[in-house]
Amino acid sequence: MSQSMEQGTGGSLPTATMKRVALVVGLAAALFVAYTFTLWFVIREEVDADEVLVLVRKTGRTIPAELGEEFEDQIVLYPELLDKLAVYEGRELPSDPVERDALRTKITNRYKGVVLEPLKEGRYYPNPYTYRRERQEVTVIDHGEVGVLIRKFGRPLIFPKTVATEPDERGPVAKTLGPGRHYINLLAYEVQKFDAIQIPEGHVGVVTLLSGNEPKVKNTYTVGPGEQGVQRKTLEPGLEYYNPYLKKIDIVDLHNHIYDMEEDKNSAIHFPSNDSFTVSMDGTIEWSITPERAAEVTVAFGDKDDILNKIILPYARSISRIQGSKLQARDFISGNTRTQFQVNLKEELELACRERGVTIHSALVRKIVPPSEVTSLTSAREQADQEIERSRNQIQTAQAQARLAEQEEMQTRNTLLGDARLDAVGFTKKAEERKIKSVTEANRELEVARLRLESASKQAKAIVARGQAEANVILYDYQARAEPLKSAVDAFGGGMVYAQHFFLQKIAPSIQSVLSNTEGPFADIFRSFQDFTPPVKPLAKGGDQ
């Protein structure tokens with residue numbers, strides 16, 4: 001019986017052990033499978049090349065209020081905040097950068113918030129209980145674009161700063177993102193894209209620094225490098241990537257500009273001459289901005305239209321009036337005077353504009369229009385002078401023709417005399433007769449030539465006399481026109497009296513109603529004309545009393 005019990009007991013022990021071992025092994029295998037399944041299908045995160053993974057800690061401590069109001073609304077665990085938390089916990093900040101980064105990592109694992117650095121391409125196993133995971137696309141800046149980071153964490157900017165230059169400042173970051181792929185945590189930053197600015201050839205870029213150092217020299221149009229305001233140095237042609245929160249760039253054209261007064265009908269220049277006639281002028285001005293002073297000119301005056309209307313045209317009108325007032329109206333008809341007027345205009349306009357950063361390349365006076373009454377008188381005088389000159393030319397032509405005829409006759413006679421001498425040896429008598437005959441004919445022809453010369457001289461004198469007579473007729477005609485005016489002036493005893501009479505005669509019908517009121521300063525003016533006593537012209541000796 002005891003033997004059978006021992007056999008039974010000995011047979012049951014291995015079976016129970018095997019069951020327990022099998023149970024443990026099965027449980028371990030199930031746990032391994034469950035862990036592997038959870039790790040691979042639940043926890044595992046495969047980050048592709050065009051993605052980043054941002055982690056947000058859901059567990060841990062909250063940022064203590066004792067750090068100050070500036071950290072109350074912070075949700076991003078950035079390095080400066082982690083340093084503040086380490087000091088708050090009584091830890092000493094290591095001077096070694098590697099040790100400081102290790103301390104920051106420990107502090108990060110204790111507090112809730114957004115982990116600043118995103119995870120790039122790869123395989124990760126973040127704890128889903130501790131972290132909330134968010135996939136984001138990689139930020140891509142195309143060619144010809146510039147990216148500006150808008151930082152969502154940190155302390156607010158202090159006026160007048162417009163960009164964040166420190167790592168713990170909130171707002172637009174001064175440093176920009178160039179074309180390419182950038183791994184940005186979009187929970188901590190906002191990325192704004194702007195087009196780069198293309199500065200063409202023949203242009204420059206005027207830079208206005210919106211945030212910078214206080215200018216050392218106040219109240220100037222431009223400032224030095226790094227100072228807030230318009231920079232004295234301009235940008236050369238090319239593609240410029242810039243932060244619009246930090247800089248403002250204006251493109252300025254340095255090409256030559258041509259302004260034609262004839263195309264702008266309202267831009268003709270009118271000025272009085274020395275004899276009080278109104279002279280009109282139009283022309284063409286070619287100008288450009290001095291490259292070294294492009295920034296100053298742009299700030300002081302504006303674009304090219306402002307420069308034209310504020311500098312060039314006002315100076316052109318002013319110089320024209322000053323130079324024109326030195327000349328008589330008839331002087332503008334002469335070519336030499338007009339040329340000198342144009343030279344003076346260009347020199348003075350060039351000097352005045354150069355002081356303000358504008359270069360004048362040419363100032364061409366195309367047309368000067370004197371008053372019609374001066375033009376008609378001058379034209380008649382020029383016609384008379386031309387007629388006299390034409391008569392002189394005709395006389396000189398007749399004299400030249402007479403001299404030519406005389407020379408031809410003398411040449412003919414010499415030729416005949418030479419031929420006669422050659423034949424004189426064999427034909428003495430015949431040659432003598434031929435000589436006499438030839439001399440007689442030559443003398444007769446010479447006499448005829450002389451008569452022609454006298455006739456041409458008389459005809460030339462007649463032409464000169466006729467031209468002089470016609471000129472005298474024109475002169476007498478002008479004198480006859482001027483004589484009645486002179487007689488009228490003499491009859492009134494002087495030009496002032498005659499002018500007053502003419503003035504009163506013209507305006508009397510228009511101001512009859514005004515003169516009816518005999519009181520007031522306006523009537524006193526015309527009363528002075530009535531009280532004026534003309535000077536008495538003395539009678540000639542022996543004249544009637």
Side-chain angles (χ1 to χ4, degrees), residues 162 195-212 215 217-225 227-238 240 242 244 246-271 280-324 342 344-367:
T162 60
D195 293 331
I197 189 169
Q198 177 69 44
I199 303 176
E201 289 294 331
H203 297 70
V204 294
V206 176
V207 180
T208 302
L209 202 61
L210 304 178
S211 179
V217 182
K218 307 291 185 179
N219 301 324
T220 56
Y221 289 119
T222 57
V223 297
E227 296 179 346
Q228 185 177 5
V230 179
Q231 301 297 296
R232 192 171 293 111
K233 184 177 180 182
T234 57
L235 299 176
E236 298 296 327
E240 185 70 22
Y242 74 104
L246 177 62
K247 298 178 182 178
K248 175 177 174 289
I249 299 178
D250 296 308
I251 298 178
V252 178
D253 190 357
L254 298 182
H255 287 109
N256 291 1
H257 304 284
I258 297 178
Y259 178 71
D260 194 344
M261 297 181 187
E262 188 176 14
E263 295 178 358
D264 187 357
K265 301 301 182 183
N266 298 323
S267 64
I269 298 176
H270 306 280
F271 56 88
S280 300
M281 182 197 79
D282 65 19
T284 301
I285 300 175
E286 184 179 0
W287 62 277
S288 65
I289 299 175
T290 305
E292 296 79 11
R293 301 180 63 184
E296 177 186 350
V297 172
T298 302
V299 176
F301 303 105
D303 57 14
K304 63 179 183 179
D305 293 333
D306 294 327
I307 294 172
L308 181 66
N309 294 322
K310 295 179 182 179
I311 302 179
I312 298 176
L313 290 182
Y315 274 112
R317 294 190 181 99
S318 176
I319 295 171
S320 298
R321 293 189 182 100
I322 294 173
Q323 293 294 329
Q342 175 176 309
N344 295 339
L345 173 63
K346 180 181 182 299
E347 290 178 352
E348 295 193 20
L349 182 62
E350 183 178 1
L351 178 61
C353 293
R354 186 189 303 121
E355 295 176 355
R356 286 151 183 81
V358 178
T359 302
I360 300 297
H361 300 284
S362 67
L364 176 63
V365 177
R366 181 186 299 105
K367 181 173 62 176

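- In plain terms, the two heavy atoms of A363 and Q342 that are nearest each other are O-CG, 3.5 Å.
- Contacts of R321 classified as salt bridge (charged side-chain N to carboxylate O under 4.0 Å, His left out), with partners at least two apart in sequence or in another chain: none.
- Take L209 and apply the side chain to side chain contact (heavy atoms under 4.5 Å, CB included) test, not counting sequence neighbours, and it matches Q231, L246, K247.
- Taken to the nearest 0.5 Å, the CG atom of L254 stands 7.5 Å off from the OG1 atom of T234.
- Taking both residues in full, the closest heavy atoms of G202 and P237 are given as N-CG, 4.4 Å, listed atom of the first, atom of the second, then distance.
- Expressed to the nearest 0.5 Å, how far CG of L235 lies from CD1 of I199 amounts to 4.5 Å.
- In terms of the salt bridge (charged side-chain N to carboxylate O under 4.0 Å, His left out) criterion, residue partners of R293 (sequence neighbours excluded) are, by chain and number, E296.
- Looking only at side-chain heavy atoms (C-beta outward), P200 and I251 come within less than 4.5 Å of each other.
- Between H203 and H255, the ring planes are perpendicular. Angles over 60° get that label, and only those under 30° would be called parallel.
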Worksheet item: I285 and I360: side chain to side chain contact (heavy atoms under 4.5 Å, CB included), yes or no, with the steps?
Response: CA-CA 7 Å; I285 300 175; I360 300 297; 4.3 Å; yes

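- The nearest pair of heavy atoms linking I249 to G205 is CG2-CA, 4.1 Å.
- More than 12 heavy-atom neighbours from other residues, nucleotides or ligands sit within 6.0 angstrom of NZ on K346.
- Residues satisfying the side-chain hydrogen bond (donor to acceptor under 3.5 Å, both in side chains) criterion with S288, sequence neighbours excluded, are H361.
- Listed by chain and number, the residues in a side-chain hydrogen bond (donor to acceptor under 3.5 Å, both in side chains) with S318 amount to none (sequence neighbours excluded).
- The CG atom of D306 sits 10.5 Å away from the CZ atom of F301 when rounded to the nearest 0.5 Å.
- In this structure the side chain of L308 reaches within 4.5 angstrom of the side chain of L313, judged on heavy atoms.
- Using a 4.5 Å cut-off on side-chain heavy atoms (C-beta onward), C353 and I311 make contact.
- Put simply, the side chain of V297 does not reach to within 4.5 Å of the side chain of R356, judged on heavy atoms.
- Under the side-chain hydrogen bond (donor to acceptor under 3.5 Å, both in side chains) criterion, K248 pairs with D250, sequence neighbours left out.
- A side chain to side chain contact (heavy atoms under 4.5 Å, CB included) with W287 is found for one member of I312, L349, N256, T359 and no other, namely I312.
- Counting only heavy atoms from C-beta outward, the side chains of V207 and Y242 never approach each other to under 4.5 Å.
- Separation of atoms CD (E350) and CD1 (I319) is listed at 10.5 Å; rounding is to 0.5 Å.
- Side-chain contact check for V365 versus L345: some heavy-atom pair is nearer than 4.5 Å.
- The distance from atom OH of Y259 to atom CG of N309, rounded to the nearest 0.5 Å, is 7.5 Å.
- Here the closest heavy-atom approach between residue V230 and residue A295 is recorded as CG1-CB, 4.2 Å.
- Here the shortest heavy-atom pairing between V223 and G229 reads CG2-C, 3.8 Å.
- Put simply, CD on E355 and OG1 on T290 are 11.5 Å apart, with the number rounded to the nearest 0.5 Å.
- Annotation: K233, atom NZ; neighbour count of heavy atoms from other residues, nucleotides and ligands within 6.0 Å does not exceed 12.
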